[in-house]
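Scroll down for the structure; my scribbles are underneath it.
Note that the structure is a prediction, hence the values are computed from the model and not measured. First the proteins, then the strands, lettered A, B, ... as listed; each starts at 1.
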There are 2 protein chains.
Amino acid sequence: MRQIIDERTGGTVRPPCGAEPHSALHGPSHAPTMRIAAHVTVLHEGDPARRIMEVVDGAVMLSKLLPDGRRQVVELLGPGDVFGLAHADIYACSAETLTPATINTHDRSALERDPVLGARLLRRFEAQLCVMHSHALVLGRMSALERVAFFLLRLMPETMVGGTLHLSMTRQEIADFLGLTLETVSRAFSELKRRGLVVLQRADEVRIQDRGSMRRLAGAL
Amino acid sequence: MRQIIDERTGGTVRPPCGAEPHSALHGPSHAPTMRIAAHVTVLHEGDPARRIMEVVDGAVMLSKLLPDGRRQVVELLGPGDVFGLAHADIYACSAETLTPATINTHDRSALERDPVLGARLLRRFEAQLCVMHSHALVLGRMSALERVAFFLLRLMPETMVGGTLHLSMTRQEIADFLGLTLETVSRAFSELKRRGLVVLQRADEVRIQDRGSMRRLAGAL
DNA sequence: CGAGGACTTGATACCGTTCAATACCGGTGG
DNA sequence: CCACCGGTATTGAACGGTATCAAGTCCTCG
């Protein structure tokens, strides 16, 4: 059995589990904005789906569980990304903050009425669907080393060239995202380090040393 | 090296490769409907993305390639599903018909103007995104046998209980969808047959014998 | 009847998992 | 300040599932 839901609530209130997280800190009742600590589960897979959420700031991780406890992190979200999707009025994924996050929520009924919101979500869904397509390629066809290289490139935007990337995920979370075990992820990091493609200041601080080789490994992201 | 694009054009014209498939058989020029034979590549990954397509009838497969030829089938589409998505005005996937298909195309610019179309696409994108989430779970965390069981259940709707399912995909295509090799897919079919969960009239005609066991294998679809 | 393609099955190799031991890091209390 | 502790990460050894390589079979079509 595996530890699934991390309850290191960073000191902030947790929204009323699975029901309506209506803590209106800012904004009107139909689109409240919430400030949430890191490592808080915002949504539970299987709960009734009443709201759609938008990440304003911070990072959120969506995951799904198999009955026997195997977990897959299906999406990593940043500012602008949308979650709280549903099949048959049931949330399809759990959502957990990776960092402190600001989240905007909309009532699903508002979706029908607000065409501006609809247009924004449409663009965002298209982008997220494209990312999922790439991720299917990663999960279905790439080796462990390639997956980790891809992961790091994805987290390190072109802009920040020489910067140090802070990973806000544990090896286990990265493994669940990449369809590997934490040991294999760790070995892959060590191998990338050994080859001189990355430098690990600490376990959660990476600097990409040789971006060209990384790209080649990741199949040209 | 692998055979990637299947050119068994079933006798029908192939739309002008990658450019605007404007064969207006039915409907006005801004939303032409095309009738396309089986095994025709409608869209090429990397081509400029001008249009959004909707499957009216038939089955379409979306796939992505790695530089070295490895392929992943990222989505299987049926009536109502949408494809032709893009990052940076470039098609993110290739699209190939699995059966004869009827496809509706919309100019991307029409998307901005037509809120009814937008609302329909939004609902559909949400559904497809949910399916991709499940697929990530399949690719990242399931064994070969589980993947094939999941695949068959997904293709066999609840309604058709005792019916025979006709697979319009080769073992290679199924393998590329499930992140396996064709040999492993074949072995999985044989194993399901051996266990009495399915009956194979022919290689491409399956009957699900024991739906309960299949569900258990697939992790309750 | 023969040819080609798709599928099945077998033998072996390899990559990633599993199990286990050890190292590291931050925090707490002596 | 240091010893200790819990959680996380790294590393090693053995195992196993899937890929790979290679026949051989079945089906369809000419």
> So A:Leu167 and A:Leu155, side chain to side chain contact (heavy atoms under 4.5 Å, CB included) or not? Walk me through it.
Replying inline: CA-CA 9 Å; A:Leu167 299 175; A:Leu155 255 57; 3.8 Å; yes

> Any idea which heavy atoms bring A:Gln201 and A:Val206 closest together, and the distance?
Replying inline: OE1-C, 4.3 Å

> Tell me: CG of B:Asp204 to P of C:dG5, nearest whole Å?
Replying inline: 18 Å

> Closest heavy-atom contact between B:Met142 and B:Ala218?
Replying inline: CE-O, 3.2 Å

>> Tell me the interatomic distance from A:Leu139, atom CG, to C:dG16, atom C1', rounded to whole angstroms.
In response: 15 Å

>> Can you list, in residue-number order, the parts of residues 182-189 of chain A that come under 4.0 Å of DNA chain C, counting heavy atoms only?
In response: A:Glu183, A:Thr184, A:Arg187

> If you look at every heavy atom in B:Arg147 and B:Leu178, which pair is closest and at what distance?
Replying inline: NH1-O, 2.7 Å

> Over how many whole Å does the gap from B:Glu191 atom CD to C:dC7 atom P extend?
Replying inline: 19 Å

> Heavy-atom distance under 4.5 Å between the side chains of B:Phe83 and B:Ile103, does that happen here?
Replying inline: yes

> Quick one: A:Met142 CE to C:dG16 P, roughly how many Å, whole number?
Replying inline: 13 Å

> Is B:Ser190 touching bases, backbone alone, or none of the nucleic acid, heavy atoms closer than 4.0 Å?
Replying inline: sugar-phosphate

>> Reading DNA chain C from 5' onward, which residue's closest nucleotide shows up sooner: A:Thr181 or A:Arg202?
In response: A:Thr181

>> As a test of reading the structure: which of C:dT17, C:dG26, C:dC7 is closest to the side chain of A:Leu180, going by heavy atoms?
In response: C:dT17

>> Rounding to an integer number of Å, can you tell me how far B:Arg194 CZ sits from C:dT8 C1'?
In response: 15 Å

>> If the condition is salt bridge (Lys or Arg N to Asp or Glu O under 4.0 Å), which residues does B:Arg195 pass it with, not counting sequence neighbours?
In response: B:Glu191

>> D:dT10, OP1 or OP2 - any side-chain N/O from A:Arg171 closer than 4.0 Å?
In response: yes

> What integer distance in Å separates A:Gln172:CD from D:dT10:P?
Replying inline: 13 Å

>> I need the CD-P distance between A:Gln201 and D:dA9, as an integer number of Å.
In response: 16 Å

>> Walk me through whether A:Arg141 and B:Asp176 qualify under side chain to side chain contact (heavy atoms under 4.5 Å, CB included).
In response: CA-CA 8 Å; A:Arg141 289 295 178 225; B:Asp176 284 344; 2.8 Å; yes

> Roughly, in whole Å, what's the span from CG in B:Leu145 to P in D:dT18?
Replying inline: 9 Å

